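Since the model is a prediction, treat every value here as computed from it, not as a measurement.
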Amino acid sequence: MNRSISGKRASRVKSRLRVGVLCSFTVLAAPASTCGPPPNPLVGTWYASVSAIGTGKFPNFSPIGMMVSIDTTFRLVVTESGGNLVQQLELCDLKLRSVTDPNALVTTFGQPALATMVGSASIPTYTPTVGGPVTVPPITIQTGSNVPCTGSCGFSSFVDSDHDSNPGISISATIGGVLPLVAYSALTIPTTVTSATLTDENTIDGSWGFSANGQVWATSSVLYPGGPISVTPDLATSPFTAKKLAGNVPCSTINALP
């Protein structure tokens, strides 16, 4: 009897060892469910903050352009689907402010507007190695209009993207430190990532390029009726360091990080 029990135990141990060797060299008794390739190191949520100086052109206020600071935080959510890496870009925060006179223009993008600043693209799945290049395809964010606003957009193309019963998205601004207004706008924001490297399994270093063109359909002030707008950084790209979080982490969590 004891020999029979010992034999059965030995058989089970050998079976578990075979599975462990096949599925994992570190977990001897790994269940069959752990078999398969390791997860792609890019899958997860990558976030970074980028700052730049550029030129902003705003209708009826600074049509020839003024120097502005641009500060943004973005997240890039990477998932795998059907043999592709799906990459979704979202702006979690965006601030524009005049540089020469910091009170000349201050803009505030509220959460309802920021939630519409999303774009995505897919590329065939690949597995990067630490120290190797990372590919992020060009992604364009379009909000407030059903056509790209790279110049003047017709009023008929507006979309109430932030669902506040006003055309386009609502962007709050203060002009001259004394005049608050809301600009009902459309924006097209093309983005590119270049020279990106997987520095370690939780860090990507690279350069981010972006600009913005759009249309102010109207404002809450009769002094500023609207027109085309643009923001162009002085440099084609700005450096960034992106950190990785597991899963699909929302902007609200990212904005709360120190």
> Does the side chain of Asp71 come under 3.5 Å of the side chain of Ser51 through a donor N or O and an acceptor N or O?
Replying inline: yes
>> Test of understanding: with side chain to side chain donor-acceptor pair (under 3.5 Å), list the residues that count as partners of Thr116, not counting sequence neighbours.
In response: Thr143
>> I'd like to know if Val216 and Leu114 are part of one continuous hydrophobic network [Ile/Leu/Val/Met/Phe/Trp/Tyr, side-chain heavy atoms within less than 4.5 Å].
In response: yes
>> Let me confirm one number: the CG-CZ distance from Leu89 to Phe210, rounded to the nearest 0.5 Å.
In response: 11.5 Å
> Which other residues belong to the hydrophobic cluster containing Val182, where Ile, Leu, Val, Met, Phe, Trp and Tyr are joined when side-chain heavy atoms lie under 4.5 Å apart, directly or via other members?
Replying inline: Tyr184
>> Between Ser98 (side chain only) and Asp101 (backbone N and O only), is there a donor and an acceptor less than 3.5 Å apart?
In response: yes
> Do the non-hydrogen side-chain atoms of Ile175 and Leu181 ever get within less than 4.5 Å of each other?
Replying inline: yes
>> For the aromatic rings, using the six-membered ring if either is Trp, is the centroid distance between Phe74 and Trp208 under 6.0 Å?
In response: yes
> Taking only residues two or more places apart in sequence, or in another chain, which ones meet Pro239 in a side chain to side chain contact (heavy atoms under 4.5 Å, CB included)?
Replying inline: none
>> Are there over 12 heavy-atom neighbours, none belonging to Glu80, within less than 6.0 Å of that residue's CD?
In response: yes
>> Test question: given the 4.5 Å side-chain rule for I, L, V, M, F, W and Y, name all other residues clustered with Leu235, or answer none.
In response: none
> Can you tell me how far the OG1 atom of Thr232 sits from the NZ atom of Lys57, to the nearest 0.5 Å?
Replying inline: 7.0 Å
>> side chain to side chain contact (heavy atoms under 4.5 Å, CB included), that's the test. Do Val118 and Gln88 meet it? Break it down for me.
In response: CA-CA 7 Å; Val118 181; Gln88 179 175 289; 3.6 Å; yes
> Side chains of Val78 and Leu76: closer than 4.5 Å at any heavy-atom pair?
Replying inline: yes
> Nearest 0.5 Å, what's the CD1-OG distance between Ile169 and Ser161?
Replying inline: 7.0 Å
>> Restricting to side chain to side chain donor-acceptor pair (under 3.5 Å), what partner residues turn up for Ser170, sequence neighbours left out?
In response: Asp164
> Can any side-chain N or O of Thr219 pair as donor or acceptor with the backbone N or O of Ser221 at less than 3.5 Å?
Replying inline: yes
> How long is the span from the CG atom in Leu94 to the CE atom in Met117, to the nearest 0.5 Å?
Replying inline: 5.5 Å
>> If we count only N and O atoms by modelled type, under 3.5 Å, do the side chains of Arg75 and Asn255 hold a donor and an acceptor together?
In response: no
>> Would Thr140 and Thr188 count as a side chain to side chain contact (heavy atoms under 4.5 Å, CB included) here? Give the steps.
In response: CA-CA 7 Å; Thr140 296; Thr188 298; 3.8 Å; yes
>> Any non-hydrogen side-chain atom of Met66 less than 4.5 Å from a side-chain atom of Thr55?
In response: no
> Can you tell me if Thr237 uses its side chain to pair, donor with acceptor, with the backbone of Gly209 under 3.5 Å?
Replying inline: no
> How about Ile254 and Thr45: do any of their side-chain heavy atoms sit closer than 4.5 Å?
Replying inline: yes
> Excluding sequence neighbours, so at least two apart, what forms salt bridge (Lys or Arg N to Asp or Glu O under 4.0 Å) with Lys95?
Replying inline: Asp93
> Is there a side chain to side chain contact (heavy atoms under 4.5 Å, CB included) between Thr203 and Thr241 once you walk through the steps?
Replying inline: CA-CA 7 Å; Thr203 307; Thr241 295; 3.7 Å; yes
> With no hydrogens and no angle check, is any side-chain donor or acceptor of Asp162 less than 3.5 Å from a backbone partner on Pro112?
Replying inline: no
> Honestly curious: do Leu179 and Val106 fall in one hydrophobic cluster under the side-chain, below-4.5 Å linking rule?
Replying inline: no
> Once you round to the nearest 0.5 Å, how far does CD1 of Ile70 lie from OG of Ser238?
Replying inline: 7.5 Å
> Can you pull the salt bridge (Lys or Arg N to Asp or Glu O under 4.0 Å) pairs that have at least one residue in residues 234-258, sequence neighbours excluded?
Replying inline: none
> Who passes side chain to side chain donor-acceptor pair (under 3.5 Å) against Thr73, sequence neighbours left out?
Replying inline: Ser49
> Any donor and acceptor pair, going by atom type alone, linking the side chain of Gln142 with main-chain N or O of Ser145 inside 3.5 Å?
Replying inline: yes
> Quick one: CG on Leu42 to CD1 on Ile204, what's the gap to the nearest 0.5 Å?
Replying inline: 5.5 Å
> Does any pair with a residue in residues 86-115 pass ring-ring contact (aromatic ring centres under 6.0 Å, His included), and if so which ones, sequence neighbours excluded?
Replying inline: none
> When Ile, Leu, Val, Met, Phe, Trp and Tyr are grouped by side-chain heavy atoms lying under 4.5 Å apart, directly or through other members, which residues fall in the same group as Ile53?
Replying inline: Met67, Val99
Below 3.5 Å, can you tabulate the donor-acceptor pairs from side chains in residues 191-199 to any protein atom, sequence neighbours excluded?
from: Thr191; atom 1: OG1; to: Ile139; atom 2: O; distance (Å): 2.7
from: Thr199; atom 1: OG1; to: Asp205; atom 2: OD2; distance (Å): 2.5

Would you list the atom pairs, donor with acceptor, under 3.5 Å between side chains in residues 125-138 and any protein atom, with sequence neighbours excluded?
from: Thr125; atom 1: OG1; to: Gly83; atom 2: O; distance (Å): 3.1
from: Thr125; atom 1: OG1; to: Asn84; atom 2: N; distance (Å): 3.2
from: Thr125; atom 1: OG1; to: Asn84; atom 2: O; distance (Å): 3.4
from: Tyr126; atom 1: OH; to: Thr135; atom 2: N; distance (Å): 2.6

